[in-house]
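Structure first, then comments.
Just so it is clear, the structure is predicted and the values come from calculations on it, not from any experiment. Remember, it's 1-based here, ligands and their atoms both numbered in the order they're listed.
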Amino acid sequence: MFASVMENEADVFYRELPKVELHAHLNGSVSSQTIEKLIVRKPHLNIEHSMTAIGKGQRRTLDECFQVFKVIHQLVDTEEDILMVATDVIKEFAADGVKYLELRSTPREEKNTGLSKKGYVETIIKAIQQCKNEGEDIDVRFLVAIDRRNGTEVAMETVKLAEEFMLSSGGLVVGLDLSGDPTVGHGKDLLPALQRAKNCGLKLSLHLSELEESDLLLNLPPDRIGHGTFLHPEVGGSQSLVDKVVKNNIPLELCLTSNVKGQTVPSYSKHHFEYWYQLGHPSVICTDDKGVFCTDLSKEYQLAASTFGLSREAVWKLSQQAIDCIFAPDTVKQQLRQKWVDLQPQQQTCNDNVETSV
Ligand code: IMP
Ligand code: ZN
């Protein structure tokens, strides 16, 4: 009884903690409730729930994770689907206490349904605007994603599309993401597209995978790094990679459950969050794919706190410092900083409990 009261109190703290989410793939963030609605729309696909999510205690190879995205893509193939998925995802993040969200997604063309890449991005922008008009307490921006599997030419087309929307979306499209199966293709082939994106003012967030490629891509340099699982020496990276990241002060987007379930790190306690946090390097807790990995941002903060013994004050500071790493302009940062001040409980600084259980 006492334990459950304690647990609930902690749950409320993490839910109410204002949060910034910087690494969320749209189709990986679809909740089970929304998947249910999509399955009802498309019964002929014979897709079951177990095919779209990786539950508690389960692990998958990276390859299996990418199969899951293929299944979800089958379910989300019209503008109507994208509108529903994007509005649901935004509202779920808002309900979880996220005040600023950068969603990312790979524009897809679906010949069967007439979906175009332009229509894809327009629909996500429409969803963002709808949520705003409905008064959701969350500022949402969009990063256009390059799936590395699609090669050089598509990467360049995607940058041009992102550029167009950066100029026409009233500041909603702020950057570019490089993601997809890290075992496919090589970063050097994508450099011209990424360089162009940077030159035209798009911010860059790159999933960094293996050694040689990371070294090359770090020279751009990107504005943020997704995961960075192979950067530090203990995991096959190198001191020179770490030095580059530190010298350029490139924030890391760290997704604990995604890395554990996708087996790119062996366990929560061995997650590289600790390495970077100890260095005092800007590290932002994120979800990656909250639907696929059955998590939310509150849980990820709670897991980081219980695994690495962070006090509530430290957790608050961690969420506040994430504001420095957003891609929206300084005016937005100022508004968010004020929001954090307004929401901070009076007794916050005295309440220095170390989280010991989740
Ligand atoms: P979408 O871009 O909204 O369709 O979201 C799903 C896509 O995000 C996948 O097909 C991958 O390209 C990318 N993605 C999601 N999670 C990861 C990850 O952990 N590593 C690399 N790519 C990812
Ligand atoms: Zn990711």
**OP:** Report yes or no: do Asp342 and Gln338 form a side-chain donor-acceptor pair below 3.5 Å?
**Re:** yes

**OP:** State, to the nearest 10 degrees, the angle whose vertex is the Zn ion (ligand 2) and whose arms point to NE2 of His23 and NE2 of His207.
**Re:** 90°

Original post:
In the protein, what heavy atom is nearest to atom 6 (C) of ligand 1, and what distance, to one decimal place, separates them?
Top reply: Phe69 CD2, 3.8 Å

Original post:
Do you know which of Leu194, Asn199, Leu176 makes side chain to side chain contact (heavy atoms under 4.5 Å, CB included) with Val159?
Top reply: Leu176

Subject >> Any side-chain donor near an acceptor of the partner, Tyr120 and Ser105, under 3.5 Å >> reply: yes

Subject >> Residue selection (non-hydrogen contact nearest atom 5 (O) of ligand 1) among His25, His23, Arg148, Arg149 >> reply: His25

Original post:
Would you say the side-chain atoms of Arg104 and Ser205 include a donor-acceptor pair closer than 3.5 Å?
Top reply: yes

Original post:
Counting from 1, what ligand 1 atoms have a heavy atom of His227 closer than 4.0 Å?
Top reply: 19 (O)

Subject >> Taking atom 20 (N) of ligand 1 as the reference point, the nearest protein heavy atom with its distance >> reply: His207 CD2, 3.5 Å

Subject >> Phe308 and Tyr277 aromatic centres sub-6.0 Å >> reply: no

Original post:
Should you measure from each heavy atom of Asp289, which atoms of ligand 1 turn up under 4.0 Å away?
Top reply: 15 (C), 16 (N), 17 (C)

Original post:
What are the two closest non-hydrogen atoms of Ala145 and Asp177, and how far apart are they?
Top reply: CB-OD2, 3.2 Å

Original post:
Out of Ser105, Ser258, Gly180, whose heavy atom sits nearest atom 21 (C) of ligand 1?
Top reply: Gly180

Original post:
Do any of the N, O or S atoms of Glu253 sit under 2.8 Å from the Zn ion (ligand 2)?
Top reply: no

Subject >> Cys255 N/O/S atom closer than 2.8 Å to the Zn ion (ligand 2) >> reply: no

Original post:
Can you list the atoms of ligand 1 that are under 4.0 Å from a heavy atom of Leu26?
Top reply: 3 (O)

Subject >> Side chains of Thr87 and Gln130, donor plus acceptor under 3.5 Å >> reply: no

Original post:
Counting only heavy atoms not in Glu80, do more than 12 fall under 6.0 Å of its CD?
Top reply: no

Original post:
If you count the atoms of ligand 1 from 1 in the order shown, which ones are under 4.0 Å from a heavy atom of Asp147?
Top reply: 12 (O)

Subject >> ligand 1 versus Asp181: contacting region, heavy-atom distance under 4.0 Å >> reply: neither

Original post:
Got a sec, which residues hit side-chain contact (heavy atoms from CB on, under 4.5 Å) with Pro182, two or more places apart in sequence or on another chain?
Top reply: Leu62, Phe66, Ser209

**OP:** Before accepting this row, confirm whether a basic side-chain N of the pair Asp330/Lys333 lies closer than 4.0 Å to the acidic partner's carboxylate O.
**Re:** yes

Subject >> Min heavy-atom dist Arg108 to ligand 1 below 4.0 Å >> reply: no

**OP:** Identify, by atom number and element, the atoms of ligand 1 in contact range of Asn27, meaning under 4.0 Å from any of its heavy atoms.
**Re:** 1 (P), 3 (O), 4 (O), 5 (O)

**OP:** Note the single closest protein heavy atom to atom 2 (O) of ligand 1, along with its residue, its atom name and the distance in Å.
**Re:** Thr106 OG1, 2.6 Å

Original post:
Nearest to the Zn ion (ligand 2), which N, O or S atom of Asp288 do we find?
Top reply: OD1

Original post:
Which residue holds the protein heavy atom closest to atom 4 (O) of ligand 1, what is that atom called, and what is the gap in Å?
Top reply: His73 NE2, 2.6 Å

**OP:** Could you check whether the rings of His23 and His25 sit parallel, tilted or perpendicular, using 30° and 60° as the cut-offs?
**Re:** perpendicular

Original post:
To which protein heavy atom is atom 19 (O) of ligand 1 closest, and what is the distance rounded to 0.1 Å?
Top reply: Asp288 OD2, 2.9 Å

Original post:
Would you call Glu164 and Lys118 a salt bridge, taking side-chain N to carboxylate O under 4.0 Å as the test?
Top reply: yes

Original post:
Would Lys70 count as a contact of ligand 1 if the rule is a heavy atom under 4.0 Å away?
Top reply: no

